[in-house]
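Here the structure comes first, spelled out in structure tokens, and everything after it is commentary.
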Amino acid sequence: MLPLANEEKRINTHWLPVEIGLVNVLWKMATQQETSSQSTENLIEALHVDRKRRSLITNHIYLDDEKLPEDERTAVLREIFNRNIREKQLSRIISHLTPVLDGDHPPSALVYGPTGSGKTVTLMHVLSSFQQVAGKHGVAFRYAYIDLSSPKTYFGALNELAIALDGSNRRYRKGIPIEYMQARIVEALDGVQGFMCLLIDEADNIKPNVDSFLTFLGKTLPRKVSCRLILVLLTNRLDWEKALDPRILSFFKKTDIIFEPYDAMDLLEILKIRVEKALNKDKVEEAAIKKVAACASRETGDARKAVELLAKAVIVAEESTGRLTEAEVDLAEERLEMDKTEALIRALATQQRLALEACYLSVGQNNRRSATGQVYEVYRRVSMQEGVSPLTQRRFSDMISFLDLYGLVTARAISKGRYGYTREITGCLPRELVKRALSHAR
DNA sequence: CATCCACAGGAAAACGCGGTTG
DNA sequence: CAACCGCGTTTTCCTGTGGATG
């Protein structure tokens, strides 16, 4: 999973020839010129041309979801759905909703799916399309999106709901009674006839008392308003239902819809759209995109991660050959991994950092295996030096397990016969990465 | 085959710290 | 203000482990 120490050499040998070649060309050009100022100008020109030659990106924003404006985002999504990617999920949701067209009331839905499987996106798409179809059938259908992706209280959730419903941007002040909030929501819904679909994203994010919010939504609200409510709750926790009060589940009479993570084929299509929009197609090899899709689907099937990897690979390609091939993807994956572990190390608590330092100190340059006892001694010395009082061996042992869990060291329990039962600790990260991260984290 | 090393790792007690109560 | 409580962390105590060794 983690990059091996010796792979760093490959990075260098990979791009060096290109750079050297370029420098040589430039040097020749420069030396042929008569005055130095002219040569500098030429150098600038040459570098500029070269930069252009290597550049892959034609439109930057399509590689960064954060920067994509809303209408562009929906346009991209529309394309995704046109390519029949989430077909199964789409048809499930739609068949759940179709009773509306005949004026029947579908039950509420609970949608499960891991992050990056396109829950929100798909639901939004379906609902907006559904609204239009319903309009043609003469059925009044509206929907509202309530985003709870940052943790909210019962009050905060009501607030979001109120904002979504009355269309205004203003937040209601804190401190007003919850009954008032509820009254506002009822008021906002009162004039509406027909169906009202509430799409509640990350519904598991309501902190202290989820139950009361859901009770309000499922029990109180439908009685007070004229329109017919359809609740759609999105969550990425499969066990969420178990945390709920069974009474709530009973009056919800809900349907479950499950979103599988994207598979490699889906991701491939999604990536292709991005590539078309953002990159110079001639410089991108099909195999590379396939590889990105394969990597992402192997890990989590998270579309956002896939795009992130693609973006990283493009950067790698831009600063080396100017072509996106499988090799660049490999490198990008490696770097992404390195960045992650480095960030992880920097975020470690002091004691854990010391433990990690002790491990790599004890293991030495040639990755000798060390027993827990030895490393503990080193750890004691190090923490004395730092002026931190060392912890007991018991705790230290736990920290080793922690470091092992996060893949920062390898520690496996082994019996050395009558010479004891220990964990052999070895490092599994490039020395220089550890050094940099450790020195930075203080 | 029993022994025994040098820890692993579970359980419980002790500690520390913010918050609450009489 | 002391006494108390709840909760997470740390220490102490303890039993368990697996194979080389005599």
Side-chain angles (χ1 to χ4, degrees), chain A residues 1-2 4-5 148-157 173-178 202 204-213 235-245 340-429 431 434 437-442:
Chain A
M1 157 186 171
L2 286 161
L4 299 169
L148 301 178
S149 47
S150 53
K152 294 275 178 356
T153 57
Y154 177 27
F155 180 84
R173 271 195 323 106
K174 274 187 174 178
I176 52 178
I178 279 179
E202 310 283 343
D204 52 328
N205 239 340
I206 307 166
K207 254 195 300 178
N209 41 5
V210 204
D211 293 346
S212 42
F213 183 62
T235 175
N236 45 31
R237 290 175 44 191
L238 258 176
D239 59 342
W240 185 54
E241 195 181 315
K242 296 192 190 97
L244 291 178
D245 193 327
K340 262 196 281 180
T341 48
E342 197 172 331
L344 183 63
I345 292 176
R346 284 181 192 179
L348 286 181
T350 340
Q351 292 289 352
Q352 295 163 344
R353 213 191 62 226
L354 289 175
L356 183 69
E357 208 171 330
C359 288
Y360 278 87
L361 230 57
S362 166
V363 155
Q365 278 299 316
N366 39 8
N367 216 0
R368 206 177 60 246
R369 298 172 198 172
S370 305
T372 321
Q374 297 167 26
V375 183
Y376 182 63
E377 284 307 311
V378 178
Y379 160 77
R380 282 184 77 98
R381 278 213 311 277
V382 171
S383 49
M384 294 299 223
Q385 257 174 34
E386 300 271 316
V388 183
S389 53
L391 296 171
T392 33
Q393 187 155 356
R394 180 66 188 81
R395 292 284 301 125
F396 183 74
S397 166
D398 278 353
M399 286 199 299
I400 295 295
S401 317
F402 174 86
L403 293 178
D404 178 59
L405 186 69
Y406 281 87
L408 300 176
V409 299
T410 314
R412 54 203 175 104
I414 209 171
S415 172
K416 291 203 274 186
R418 61 176 301 172
Y419 300 112
Y421 186 69
T422 336
R423 276 190 292 194
E424 271 188 348
I425 298 165
T426 52
C428 57
L429 298 178
R431 281 315 107 94
V434 177
L438 279 178
S439 64
H440 203 280
R442 60 185 68 195

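Bear in mind the structure is a predicted one, so any value in this text is a computation, not a measurement. Below, chain A is the first sequence line, B the second, and so on; all start at residue 1.
- Rounded to an integer number of Å, the gap from CD1 of A:Ile400 to C1' of B:dA6 is 15 Å.
- The structure places CG of A:Leu361 at 13.0 Å from CD of A:Gln374, a figure rounded to the nearest 0.5 Å.
- Every salt bridge (charged side-chain N to carboxylate O under 4.0 Å, His left out) that A:Arg412 has, sequence neighbours left out, goes to A:Glu424.
- Legend: residues meeting ring-ring contact (aromatic ring centres under 6.0 Å, His included) with A:Phe402, ordered by chain and number and at least two apart, are A:Tyr406.
- Taking the side chain as every heavy atom from C-beta outward, A:Leu348 and A:Leu408 approach each other to under 4.5 Å.
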Donor-acceptor contacts, no H, no angles, side chain residues 416-423 of chain A, under 3.5 Å, sequence neighbours left out:
unit_1   : atom_1 : unit_2   : atom_2 : d
A:Arg423 : NH1    : A:Ser401 : OG     : 2.9
A:Arg423 : NH2    : A:Ser397 : O      : 2.7
A:Arg423 : NH2    : A:Ser397 : OG     : 3.1
A:Arg423 : NH2    : A:Ser401 : OG     : 3.3

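- Using a 4.5 Å heavy-atom cutoff, the side chains of A:Arg395 and A:Thr392 are in contact.
- Pairs passing the salt bridge (charged side-chain N to carboxylate O under 4.0 Å, His left out) check and including a residue from residues 371-382 of chain A, sequence neighbours excluded, do not occur.
- Between the CZ atom of A:Phe402 and the P atom of B:dG9 there is a distance of 16 Å, rounded to whole Å.
- Applying the side chain to side chain donor-acceptor pair (under 3.5 Å) criterion to A:Tyr379, with sequence neighbours excluded, gives A:Gln351.
- The bend of the helix from B:dC1-C:dG22 to B:dG22-C:dC1, defined by the angle between the axes of its first five and last five pairs, stands at 40° to the nearest 10°.
- When rounded to the nearest whole Å, the span between CG of A:Asp404 and P of B:dA8 equals 12 Å.
- By the side chain to side chain donor-acceptor pair (under 3.5 Å) test, A:Ser383 is found to be paired with no residue, residues two or more places apart in sequence or in another chain being considered.
- A heavy atom lying under 4.0 Å from DNA chain B marks the following residues of residues 411-426 of chain A, by number: A:Gly417, A:Arg418, A:Tyr419, A:Gly420, A:Tyr421, A:Thr422, A:Arg423.
- Minimum heavy-atom separation, A:Cys359 to A:Ile425: SG-CG2, 4.1 Å.
- When the side chain to side chain donor-acceptor pair (under 3.5 Å) test is applied to A:Asp398, the partners found at least two apart in sequence or on another chain are A:Arg394.
- For A:Arg368, there are no side chain to side chain donor-acceptor pair (under 3.5 Å) partners, not counting sequence neighbours.
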Nucleotide N/O to protein N/O under 3.5 Å, stretch nucleotides 8-10 of chain C:
unit_1 : atom_1 : unit_2   : atom_2 : d
C:dT10 : OP2    : A:Arg395 : NH2    : 2.8

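- A:Thr410 contributes atom OG1, which lies 11.0 Å from atom CG of A:Leu403 (distance to the nearest 0.5 angstrom).
- Nucleotide B:dA8 holds its P atom 7 Å from the CD atom of A:Gln393, rounded to whole Å.
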Is there any protein nitrogen or oxygen under 3.5 Å from a nitrogen or oxygen in nucleotides 10-14 of chain B, and what are the pairs?
unit_1 : atom_1 : unit_2   : atom_2 : d
B:dG10 : N7     : A:Arg394 : NH2    : 2.8
B:dG10 : O6     : A:Arg394 : NE     : 2.7

